[in-house]
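Report on the structure given below.
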There are 2 protein chains.
Amino acid sequence: MPPRAVNARIRLLEAARDVIRAKGFAATTVDDLCRQAGVTKGAFFHHFKSKEELGVAAADFWSETTSALFAAAPYHQPDDPFDRLIAYLQFRKELLAGDLAEFTCLVGTMAQEVFDSAPAIREACHASISGHAMTLVPDIRAAMDARGVSGFTPESLALHTQAVLQGAFILAKAGNSVTLAQDSVDHLIRYVSMVFSQAGKEKK
Amino acid sequence: MPPRAVNARIRLLEAARDVIRAKGFAATTVDDLCRQAGVTKGAFFHHFKSKEELGVAAADFWSETTSALFAAAPYHQPDDPFDRLIAYLQFRKELLAGDLAEFTCLVGTMAQEVFDSAPAIREACHASISGHAMTLVPDIRAAMDARGVSGFTPESLALHTQAVLQGAFILAKAGNSVTLAQDSVDHLIRYVSMVFSQAGKEKK
DNA sequence: TTGCCAACATACCAACCGGTTGGTATTTTT
DNA sequence: AAAAATACCAACCGGTTGGTATGTTGGCAA
């Protein structure tokens with residue numbers, strides 16, 4: 001465990017996370033990242049043999065940090081699987097606060113840009129998104145079984161929640177408005193509630 | 001009406017539509033566009049004073065061509081507003097075919113990339129997305145009134161449909177799978193059906 | 001015919017970008 | 001303590017990029 005080595009690498013990954021979310025992958029230069037991380041270009045190419053490899057590493061880094069965030073989040077507390085699912089969506093909605101580049105999804109942004117030109121990055125983004133979605137599957141499956149819901153797979157609903165979130169990010173970016181994203185998540189919560197026959201429980 | 005002039009401009013806009021959807025805005029070079037359009041750089045900067053201005057023009061061009069496409073589409077035929085809405089979503093699902101770069105949304109892709117660095121493009125993308133969404137509002141409002149649905153605005157549901165589609169594009173790009181996008185649209189159709197109390201009409 | 005202007009084409013440039021090189025300081029291993 | 005590996009730096013390089021400067025061409029009005 002080298003003392004400073006890990007530092008530079010992690011600082012570059014953090015810089016990638018922040019700068020790429022604001023400017024996009026292609027528009028972010030290696031110099032941008034070095035400046036933000038406070039290291040030189042030599043250090044950059046010591047840790048990553050190319051910009052593309054940094055993209056892959058940034059996606060993996062994103063997977064690790066976000067899965068830690070969600071694992072520690074409080075939405076796992078309810079006893080009922082359905083309640084946990086709703087609590088998850090509510091938690092996602094609460095995350096939509098502050099500056100746009102701070103809560104949007106790195107891997108969604110990168111995937112959009114490089115899906116055709118950098119398959120390695122695309123694949124790492126795919127693993128990140130679907131990996132996170134799959135953490136929802138046990139609860140969705142349990143809720144479906146408990147309430148006799150059918151007509152779709154737990155996996156497809158899990159992925160749909162991520163699609164709505166990704167789409168919400170795009171609307172928010174285009175409209176420069178966080179509210180747009182929140183409204184979409186509200187529709188998603190309403191959908192999930194109705195699908196699990198909670199439609200009767202109208203909020204006041 | 002100049003004979004060749006309009007040609008070069010439109011060919012550049014078509015090139016932008018095709019190349020940017022595949023490579024993204026930042027990764028698309030002016031030379032890329034000139035090559036694809038079969039014109040020289042001189043022609044490019046004659047019609048657009050900068051790459052950014054082309055981005056704005058491409059977004060506007062996208063608005064025009066897509067609104068013509070949707071205006072001529074057959075989903076307007078049903079008499080009932082709700083049926084028209086479902087027909088629209090079914091139509092959107094049917095459009096998800098062929099190569100990824102052929103059915104994804106130019107303005108969604110661009111907005112994601114340039115929302116922080118090119119406000120003019122961002123605004124043109126916003127106008128395109130919300131302009132299209134607003135064409136759905138009369139039918140949504142009529143369906144809500146006819147069936148006594150409330151709890152959200154017609155505008156927010158219209159925008160939500162676009163969010164789902166944009167998110168579906170991202171999942172499809174990340175997973176390199178059209179099916180992912182189609183599944184999400186299925187969930188959206190199920191949501192809209194349930195919201196308008198069509199949940200009883202289960203498909204076989 | 002002349003004059004003029006839009007619509008291109010050709011040639012070019014300065015800045016920038018990803019990546020390399022050769023070297024040094026600091027650990028780790030032997 | 002010597003040797004080897006790791007972590008990092010400053011300077012540099014060749015190709016690329018958005019943009020410009022300077023023509024050239026064809027149509028059209030006076």
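Keep in mind it's a predicted model, so treat the numbers as computed, not measured. We use all heavy atoms of the structure for the numbers below, so side chains are in, but hydrogens, waters and symmetry mates are not. Throughout, a chain's letter reflects where its sequence line sits, starting with A, and its residues are numbered from 1.
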Among D/dC9, C/dC8, C/dA9, the one nearest B/His47 by side-chain distance: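 Per side-chain heavy atoms of B/His47, the pick is C/dC8.
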A/Ala43 side-chain proximity, nearest of D/dA7, C/dA7, D/dC9: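 Of D/dA7, C/dA7, D/dC9, D/dC9 is nearest to the side chain of A/Ala43.
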Distance, rounded to the nearest Å, where [X] contributes [atom1] and [N] contributes [atom2]:
X	N	atom1	atom2	result
A/Arg35	C/dC17	CZ	P	8 Å
B/Leu54	D/dG19	CG	P	11 Å
A/Phe48	D/dA7	CZ	C1'	13 Å
B/Asn7	D/dG26	CG	P	17 Å

D/dA7 OP1/OP2 closer than 4.0 Å to side-chain N/O of A/His46: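 For D/dA7, OP1/OP2 do have a side-chain N/O of A/His46 under 4.0 Å.
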Test: A/Lys41 and A/Asp31 ion pair at under 4.0 Å: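 Yes, charged N to carboxylate O under 4.0 Å.
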Taking only nitrogen or oxygen atoms into account, show me every contact under 3.5 Å that the protein makes with nucleotides 18-22 of chain C, one pair per line with its distance.
| unit_1 | atom_1 | unit_2 | atom_2 | d |
| --- | --- | --- | --- | --- |
| C/dG18 | OP1 | A/Lys51 | NZ | 3.2 |
| C/dG18 | OP2 | A/Val30 | N | 2.9 |
| C/dG18 | N7 | A/Lys41 | NZ | 2.8 |
| C/dG18 | O6 | A/Lys41 | NZ | 3.3 |
| C/dG19 | OP2 | A/Lys51 | N | 2.9 |
| C/dG19 | O6 | A/Lys41 | NZ | 3.0 |

Contacts of A/Thr29 that satisfy side chain to side chain donor-acceptor pair (under 3.5 Å) - sequence neighbours left out: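 Per chain and number, A/Thr29 pairs via side chain to side chain donor-acceptor pair (under 3.5 Å) with A/Asp32.
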Those residues that, when tested against B/Tyr191, pass ring-ring contact (aromatic ring centres under 6.0 Å, His included) (two or more places apart):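 Residues passing ring-ring contact (aromatic ring centres under 6.0 Å, His included) with B/Tyr191: A/His187, A/Tyr191, B/His160.
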Listed once per pair and sorted, the side-chain hydrogen bond (donor to acceptor under 3.5 Å, both in side chains) pairs that draw on residues 73-82 of chain B, sequence neighbours left out: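 Those involving residues 73-82 of chain B are B/Asp80-B/Arg147.
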What pairs of donor and acceptor atoms, side-chain ones from residues 98-109 of chain B against any protein atom, are under 3.5 angstrom apart with sequence neighbours left out?
| unit_1 | atom_1 | unit_2 | atom_2 | d |
| --- | --- | --- | --- | --- |
| B/Thr104 | OG1 | B/Leu100 | O | 3.2 |
| B/Thr109 | OG1 | B/Cys105 | O | 3.0 |
| B/Thr109 | OG1 | B/Lys173 | NZ | 3.3 |

Residues from residues 109-123 of chain B lying under 4.0 Å of DNA chain D - heavy atoms: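 Contacting residues: none.
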Cut-off 3.5 Å, no hydrogens considered: what does the side-chain donor-acceptor table look like for residues 63-74 of chain B, sequence neighbours left out?
| unit_1 | atom_1 | unit_2 | atom_2 | d |
| --- | --- | --- | --- | --- |
| B/Ser63 | OG | B/Ala59 | O | 3.1 |
| B/Ser63 | OG | B/Ser128 | OG | 3.0 |
| B/Thr65 | OG1 | B/Phe61 | O | 3.1 |
| B/Thr65 | OG1 | B/Trp62 | O | 3.2 |
| B/Thr66 | OG1 | B/Trp62 | O | 2.7 |
| B/Thr66 | OG1 | B/Ser63 | O | 3.3 |
| B/Ser67 | OG | B/Ser63 | O | 3.1 |
| B/Ser67 | OG | B/Glu64 | O | 3.1 |

Partners passing salt bridge (charged side-chain N to carboxylate O under 4.0 Å, His left out) against A/Arg21 (at least two apart in sequence or in another chain):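 Expected list: A/Asp18.
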In residues 136-144 of chain A, what donor-acceptor pairs under 3.5 Å come from side-chain atoms, sequence neighbours left out?
| unit_1 | atom_1 | unit_2 | atom_2 | d |
| --- | --- | --- | --- | --- |
| A/Asp139 | OD1 | A/Arg84 | NE | 3.2 |
| A/Asp139 | OD1 | A/Arg84 | NH2 | 2.9 |
| A/Asp139 | OD2 | A/Arg84 | NE | 3.0 |
| A/Arg141 | NH2 | A/Glu155 | OE2 | 3.4 |

